[in-house]
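What follows is a short report on a single structure.
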Protein chains: 2
Amino acid sequence: MTRARTTVVDIAHAAGVSKSTVSLVLQGSPLVNEKTREKVNSVIAELGYVYNRGAANLRQSRSKIVGIVVNDLTNSFFAELAVGMDLVVQSAGYVQFLAHSGESVDRQREVIASMRENGIAGLILSPARGTEAVDLKPLIDSGIPVVVVVRNLPGARVSTLLSDNYTGARAAVRHLVSLGHSRIGFMGGFLDTAVFAERLRGYRDALLEAGITVDDRLVIHSAPSRAGGVAAVERMVLLTDQPTAALCLNDAVAFGVCDGLRSAGIEPGKGFGVVGFDDVIEAKTAVPALTTVSVDPQGMGQRAAQLLLKQINAGGNEQESLVTSVRLVVRQSCGAPVKNNHLEELA
Amino acid sequence: MTRARTTVVDIAHAAGVSKSTVSLVLQGSPLVNEKTREKVNSVIAELGYVYNRGAANLRQSRSKIVGIVVNDLTNSFFAELAVGMDLVVQSAGYVQFLAHSGESVDRQREVIASMRENGIAGLILSPARGTEAVDLKPLIDSGIPVVVVVRNLPGARVSTLLSDNYTGARAAVRHLVSLGHSRIGFMGGFLDTAVFAERLRGYRDALLEAGITVDDRLVIHSAPSRAGGVAAVERMVLLTDQPTAALCLNDAVAFGVCDGLRSAGIEPGKGFGVVGFDDVIEAKTAVPALTTVSVDPQGMGQRAAQLLLKQINAGGNEQESLVTSVRLVVRQSCGAPVKNNHLEELA
DNA sequence: TGACAAATTTGGAACGTTCCAATTATGTCC
DNA sequence: GGACATAATTGGAACGTTCCAAATTTGTCA
């Protein structure tokens with residue numbers, strides 16, 4: 001049933017030319033006569049020939065495949081990032097291996113090895129927590145361009161594309177301060193990522209420049225997910241001197257914080273100001289609409305893919321580090337603090 | 001800089017054996033002597049050899065690559081579906097091309113063609129709206145197994161894996177009826193998908209068997225997304241005789257409906273019962289926690305991948321159609337109807 | 001028409017693996 | 001020690017393409 005594939009030789013034979021000519025037609029070479037081209041193309045259509053890119057890759061020792069490894073596809077930020085990459089990768093005639101590491105360094109290593117065996121021309125990696133620069137050493141040494149996105153990887157000879165976490169967080173907190181908030185929390189995330197560290201630094205600096213002393217009890221760690229946001233609020237309400245607003249590590253945490261506040265009988269955006277980070281697609285339609293720092297994940301994915309393709313085509317291995325600017329999008333979830341609200345009553 | 005790849009011949013030379021022996025070692029053949037195997041393996045490690053799967057595929061004319069095409073990766077249902085597939089695909093030693101069609105049939109055609117050129121061993125497809133059975137004809141005729149998931153494709157000679165939309169929708173509506181609701185809406189989705197049709201049928205039958213007449217004005221079409229849910233509520237509040245509850249096409253719509261209700265000053269789960277469909281990961285942590293029909297997207301992805309791998313290994317092309325059972329998960333969002341609530345006041 | 005240039009076509013080697021058939025090494029038994 | 005079975009190894013062809021150098025055809029000009 002799986003009868004022998006029709007190959008370039010079959011086409012050549014049927015069209016009365018040599019396989020070299022067919023190959024030339026296939027790659028759109030200007031060397032071939034117009035009439036011959038037409039003839040060959042019609043035979044190709046007639047026999048239902050499908051190009052064997054694997055054979056071509058073997059001969060040329062370069063492929064049209066890029067690898068993309070993302071740490072958590074179920075987080076819409078990363079899903080959108082992947083969609084952005086997909087867009088430019090596909091339209092450049094490439095195809096992508098897309099894998100999900102699920103924050104596991106082991107799994108990440110495996111999929112990268114597998115992609116390497118399959119001959120990727122380049123890799124875009126959003127590293128799993130705990131990834132080390134040496135993990136990428138062999139890949140990089142073999143001359144395959146690598147672009148690291150979202151989280152950085154100090155010490156690795158790779159190009160990186162990060163968002164301006166520090167400035168974004170600082171702008172968000174400044175805004176909360178301008179609304180009159182003075183006890184502001186930072187919710188979600190763990191110490192081990194650079195993203196967390198940078199956003200926290202922005203948060204701290206904004207407080208300091210406003211003359212507000214930083215209270216470390218208001219920095220509440222939790223998983224960087226919706227469930228983590230709920231958990232953070234549960235711990236927040238146990239504090240004696242509660243915040244009236246919070247910057248969240250990302251939008252997922254922010255949504256969880258809203259959920260948690262409601263469970264605690266607090267209306268997000270009224271009794272408590274919530275600001276997210278990322279500007280995921282749902283941020284706009286949520287109720288209350290989420291004030292957040294827009295990172296444009298899809299656009300970031302596109303830029304990352306463009307950067308990678310550029311490096312693949314250039315062949316050179318000079319690294320480039322880009323920081324994409326972010327902007328605060330003010331919506332409803334960051335309310336001004338309410339005097340004598342139930343939070344203050346509780347305190 | 002990209003110096004010549006080390007190949008099986010280099011290994012053979014360095015280990016003092018023939019390339020055939022190295023090949024045997026590579027595929028873990030029992031034919032090779034233990035000492036030789038060790039020697040070869042150590043040389044492999046030493047020279048940093050990386051296997052060229054492309055060359056192997058060429059020779060064997062079968063690959064370890066599966067294609068996965070999903071219509072909307074930004075919808076968490078599909079993202080989780082993809083993660084489930086990824087899990088089993090990877091651990092079976094395969095690697096996946098994962099592409100996003102964005103509901104575009106053209107784009108879908110392109111990516112499938114591209115995957116075919118790259119020699120996929122099988123395809124899992126969650127078809128874009130408007131996909132026809134003939135679109136897959138050439139692929140199927142070439143003997144490549146195809147598994148269609150989530151949406152079905154009548155007339156195509158493929159295996160399918162669908163969830164039991166009819167039963168799930170009926171169970172959800174029965175539950176709403178048992179809570180005392182009698183005006184129940186159906187929100188989100190368009191007529192052109194089978195998923196919509198089946199869920200709607202389940203909704204209708206449940207109403208009929210409860211002796212409730214079906215009012216077509218309560219079926220409100222909209223995009224199957226969070227934004228679509230918001231839009232549906234906006235249209236709902238214009239009705240003269242409003243529903244007290246709704247079954248939503250999927251969880252994304254249900255979240256949007258909750259958002260829309262809040263904007264309209266109605267508290268989901270209190271003044272209005274909302275039931276979703278899919279049981280996306282956020283359904284549990286949302287506030288109010290979403291009552292929904294659990295489809296277990298990740299598990300479904302796993303089953304789809306297993307089904308495909310089975311067909312790839314069997315080589316036969318007999319199709320199999322599975323319907324995965326679903327169950328209603330009752331949480332907080334489906335409240336009992338409130339007497340004299342503002343909805344009734346409006347009416 | 002002959003000479004030359006330009007345009008077009010072509011055979012064969014190469015890419016890195018697997019597989020077959022054949023060969024060589026090793027072990028066992030009387 | 002020879003005959004035989006078994007274990008282990010091996011050379012070469014094949015997979016479907018690209019690329020090179022060379023060959024062939026076509027066109028132009030005096």
Side-chain angles (χ1 to χ4, degrees), chain A residues 2-41 43-44 47-65 93 114 116-121 142, chain B residues 2-41 43-44 47-65 93 114 116-121 142:
Chain A
T2 25
R3 64 222 174 284
R5 223 184 210 287
T6 47
T7 106
V8 91
V9 184
D10 302 324
I11 303 294
H13 193 253
V17 296
S18 80
K19 62 183 169 32
S20 304
T21 304
V22 177
S23 173
L24 255 15
V25 171
L26 251 20
Q27 47 204 301
S29 162
L31 266 56
V32 35
N33 183 291
E34 195 51 45
K35 280 183 93 164
T36 322
R37 179 191 312 280
E38 277 168 22
K39 174 67 183 161
V40 170
N41 278 327
V43 172
I44 283 177
L47 298 194
Y49 165 76
V50 357
Y51 183 71
N52 185 335
R53 206 166 284 276
N57 291 346
L58 178 58
R59 176 62 228 245
Q60 306 182 128
S61 58
R62 76 189 121 90
S63 79
K64 286 281 204 175
I65 304 175
S114 164
R116 223 183 138 194
E117 291 186 350
N118 281 281
I120 51 174
S142 74
Chain B
T2 25
R3 63 222 174 283
R5 223 184 212 286
T6 49
T7 105
V8 91
V9 184
D10 301 325
I11 303 295
H13 194 254
V17 296
S18 80
K19 62 181 169 33
S20 304
T21 304
V22 178
S23 174
L24 257 13
V25 171
L26 250 20
Q27 48 205 301
S29 162
L31 265 55
V32 39
N33 184 290
E34 196 50 43
K35 281 182 91 164
T36 322
R37 180 191 311 282
E38 277 168 21
K39 175 67 183 161
V40 170
N41 278 328
V43 172
I44 283 177
L47 298 193
Y49 165 75
V50 356
Y51 184 72
N52 185 334
R53 209 166 280 276
N57 291 345
L58 178 58
R59 176 60 228 250
Q60 306 183 128
S61 57
R62 78 190 119 90
S63 80
K64 287 280 204 175
I65 304 175
S114 163
R116 221 182 141 195
E117 291 186 350
N118 281 280
I120 51 173
S142 75

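Residue A/Glu117 holds its CD atom at 9.0 Å from CG of B/Asn52, rounded to the nearest 0.5 Å. The structure places NZ of B/Lys39 at 10.5 Å from CD1 of B/Ile11, a figure rounded to the nearest 0.5 Å. To the nearest 0.5 Å, the span separating CZ on A/Arg37 from CG on A/Leu26 amounts to 11.0 Å.
For the pair B/Val32 and A/Lys19, both in contact range of DNA chain D, the more 5′-proximal nearest nucleotide belongs to B/Val32.
In this structure, B/Gln60 does not reach the D/dC15 phosphate: none of its side-chain N or O atoms is under 4.0 Å from OP1 or OP2. Here B/Thr21 does not reach the OP1 or OP2 of D/dA8: none of its side-chain N or O atoms lies under 4.0 Å away. Contact annotation: B/Ser18 reaches the phosphate of D/dT10 (side-chain N/O to OP1 or OP2, under 4.0 Å).
For B/Ile11 and C/dT17, the CD1 to C1' distance is 13 Å, given to the nearest whole Å. If you measure from atom NZ of A/Lys35 to atom C1' of D/dT26, you get 14 Å, rounded to the nearest angstrom. As rounded to whole Å, 12 Å separates atom C1' of D/dA14 from atom CG of A/Leu58. Regarding A/Glu34, its CD atom lies at a distance of 15 Å from the P atom of C/dA7, rounded to whole Å. Going from atom CD of B/Gln27 over to atom C1' of C/dC19 covers 9 Å, rounded to whole Å. As rounded to whole Å, 9 Å separates atom C1' of D/dA7 from atom CG of B/Asn33. Rounded to whole angstrom, the span from the NZ atom of A/Lys39 across to the P atom of C/dT9 amounts to 14 Å. When rounded to the nearest whole Å, the span between CZ of A/Arg53 and P of D/dT17 equals 11 Å.
Looking at A/Ser63, its side chain never comes within 3.5 Å of a backbone N or O of A/Asn57 through a donor-acceptor pair.
Screening A/Val25, A/Thr36, A/Val22 for a side-chain contact (heavy atoms from CB on, under 4.5 Å) involving A/Asn41 leaves a single residue, A/Val25.
In the set C/dT18, C/dT9, C/dG16, C/dT9 carries the atom at the smallest distance from any side-chain atom of A/Leu24. Considering only the side chain of A/Thr36, C/dT9 comes nearest among C/dT9, C/dT10, C/dT17. Taking the side chain of B/Asn52 as heavy atoms from C-beta on, and the options D/dG16, C/dT9, C/dG16, the nearest nucleotide is C/dG16. In the set C/dG16, D/dT18, D/dT10, the nucleotide with an atom closest to the side chain of B/Ala55 is C/dG16. You'll find that the side chain of B/Ser20 is closest to C/dC19, out of D/dG16, C/dC19, C/dG12.
Residue B/Arg62 is classed as a sugar-phosphate contact, given heavy-atom separations below 4.0 Å to backbone atoms only. Residue-level contact check: B/Ser61 touches neither bases nor backbone, having no heavy atom under 4.0 Å from any strand. No engagement by A/Leu26 is indicated, since no non-hydrogen atom pair under 4.0 Å with the nucleic acid exists.
Residue-to-nucleotide contacts include no donor-acceptor pair under 3.5 Å from the side chain of A/Arg59 to the base of D/dT17.
For the pair A/Ala14 and A/Leu47, the tightest heavy-atom approach, listed with the atom from each and the gap, is CB-CD1, 4.3 Å.
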